[in-house]
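Shown next, in structure tokens, is the structure this report addresses.
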There are 2 protein chains.
Amino acid sequence: MKASYIPTLIELLELGAKDRPISITTSELGQKLGKSQQLASKHLEEMEREGMVERIRSGGKTYVKLTKKGVSSGAALYSSLSRVYAKNESETLEIVGTVFSGLGEGAYYVSLKGYKKQFLAKLGFEPFPGTMNLRLDLPVYRKVRRDLETMKGIHIDGFKDGKRTYGGAECFKAMLNNKVDGAVLVIERTTHDDTVLELISPVNLRKQFNLKDGDEMRVSIFPESSEA
Amino acid sequence: MKASYIPTLIELLELGAKDRPISITTSELGQKLGKSQQLASKHLEEMEREGMVERIRSGGKTYVKLTKKGVSSGAALYSSLSRVYAKNESETLEIVGTVFSGLGEGAYYVSLKGYKKQFLAKLGFEPFPGTMNLRLDLPVYRKVRRDLETMKGIHIDGFKDGKRTYGGAECFKAMLNNKVDGAVLVIERTTHDDTVLELISPVNLRKQFNLKDGDEMRVSIFPESSEA
DNA sequence: ATTACTAGTAATCGAGTAA
DNA sequence: TTTACTCGATTACTAGTAA
């Protein structure tokens, strides 16, 4: 997104266009921005072309709503600034969830060379082939899970192998059940499910802790400090 | 500040120029921004002219530090975005803590007519004379406790009785141990202790749940839906 | 009312290069 | 090396006005 659109994006966010279509004219928007009507019109036009906003015309009025892309562009800005201005940085985040069986496809992805090499280099271990899925039942842990989405972790790059593209992810180093090292895996997706936490570890966690579905597991997450 | 400088400002913030002079060349800055060296140079020049940054030349290197004005420009952006993104609304917040004995002065305050009347009117109950103190041992609950500080609850006004002044507070309706109604009391203080949660309830909680010091208690908090 | 096109100006930006 | 100048291209913006 172009830097000159940032004030417009923020204005739309403040007007509530994140959650619902808002009724606003280009004149009003221009005035709020301290710019001309024509520029507001152009910004909306261009932002629509870029997929940041949707415009709906109804009953002579124009309604503007930010798309998922628009909302997440703002969230990216917010996240950058949070790292600088939010004070609760290098503390430990705690999440407790219950073990459940996923589709088992985690083992496949984690074993791909393109990922495995990065895990070793950036996390310091080669993951056991398989991910551990935790279901987060308590709202308070789902909130922490959502906080992770906005935080900067250890970035794992996506890659291509000729056939298809594999997406990137953010990792957060973690201590599992206060005993075993591992990492939380936050995969870049379009849809965010805040009820599931995905873990990798150098060891077979089910074996290590003798876990079966429904058992509880505690994850202590160590966010990266904001130093660049 | 010009919109086109926002990414530059954010980059400098992320590099730590908020707290100390950072050593950076215009080439490096330009590269980080995905722009040219010349532009980075111009941005720094212009931002210095506007009083957003200071540049110090020492030992052949150039150091850049944001001024108070620069830091607060970033803070303004952050605050706008916070209002939009930092809301944890209408969900239930969960806190678990352990019972401990306070100084017992809670009973005195809660019984004051100036407060008692407001509790009845705004919370719908007259509190049992005495507050329940929970110690928050887990960091995750202390985080929720801090979140409460920034949230708007049910406001209890302060008052004067001729002799002295009594401060205000924010209340959050809560369900205690999934059974009894009550409220969390967030007292307006200068010092914030995020390890203690203070509760009021129409009933004697120690008697109701047969609690002694060290026992656990679960608090489900219902934040007001309107935003602070 | 609106939104958005056209035409023109001002600001922004990058390449080349001086200091 | 570094920073910052000139200059030409591009982009951001406004005024006037059509639709």
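Protein chains get the first letters and strands the later ones, always in sequence-line order, with residue 1 at the start of each.
Chain A approaches DNA chain C within less than 4.0 angstrom (heavy atoms of the protein), and the contacting nucleotides run 5' to 3' from C/dT2 to C/dC5.
A search for salt bridge (charged side-chain N to carboxylate O under 4.0 Å, His left out) contacts involving B/Glu198 returns B/Arg189, not counting sequence neighbours. Residues passing the salt bridge (charged side-chain N to carboxylate O under 4.0 Å, His left out) test with A/Glu14 are B/Arg83, sequence neighbours excluded. Looking at residues two or more places apart in sequence or on another chain, you find a side chain to side chain contact (heavy atoms under 4.5 Å, CB included) between A/Glu216 and A/Val96, A/Thr98. For A/Arg20, there are no salt bridge (charged side-chain N to carboxylate O under 4.0 Å, His left out) partners two or more places apart in sequence or in a different chain. Residues meeting the salt bridge (charged side-chain N to carboxylate O under 4.0 Å, His left out) test with A/Lys32, sequence neighbours left out: none. Take A/Pro202 and apply the side chain to side chain contact (heavy atoms under 4.5 Å, CB included) test, not counting sequence neighbours, and it matches A/Phe125.
Among residues at least two apart or in separate chains, there is no salt bridge (Lys or Arg N to Asp or Glu O under 4.0 Å) pair with a member in residues 128-138 of chain A.
Among the protein residues, B/Ser41 comes within range of the nucleic acid bases, having at least one heavy atom under 4.0 Å from a base atom. Within 4.0 Å of A/Ser4, counting heavy atoms only, lie sugar-phosphate atoms of the nucleic acid but no base atom.
Note: NE2 (B/His43) to C1' (D/dA4) measures 14 Å, nearest angstrom.
Direction of the helix axis in the helix from C/dT2-D/dA19 to C/dA19-D/dT2 shifts by 40° between the two five-pair termini, rounded to 10°.
Counting heavy-atom neighbours within 6.0 Å of A/Gln208 CD, excluding the residue itself, gives a total above 12.
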Collect all protein-nucleotide pairs involving nucleotides 5-9 of chain D in which both atoms are nitrogen or oxygen and the distance is under 3.5 Å.
residue, atom, partner, partner atom, Å
D/dC5, OP2, B/Glu45, OE2, 3.2

All N/O donor-acceptor pairs, side-chain side in residues 34-45 of chain A, below 3.5 Å, sequence neighbours left out:
residue, atom, partner, partner atom, Å
A/Ser36, OG, A/Leu39, N, 3.1
A/Gln37, NE2, A/Thr26, OG1, 3.2
A/His43, ND1, A/Thr8, OG1, 2.7

Residues 52-63 of chain B, side-chain donor-acceptor partners within the protein, below 3.5 Å, at least two apart:
residue, atom, partner, partner atom, Å
B/Arg55, NE, B/Glu48, OE1, 3.0
B/Arg55, NH2, B/Glu48, OE1, 2.9

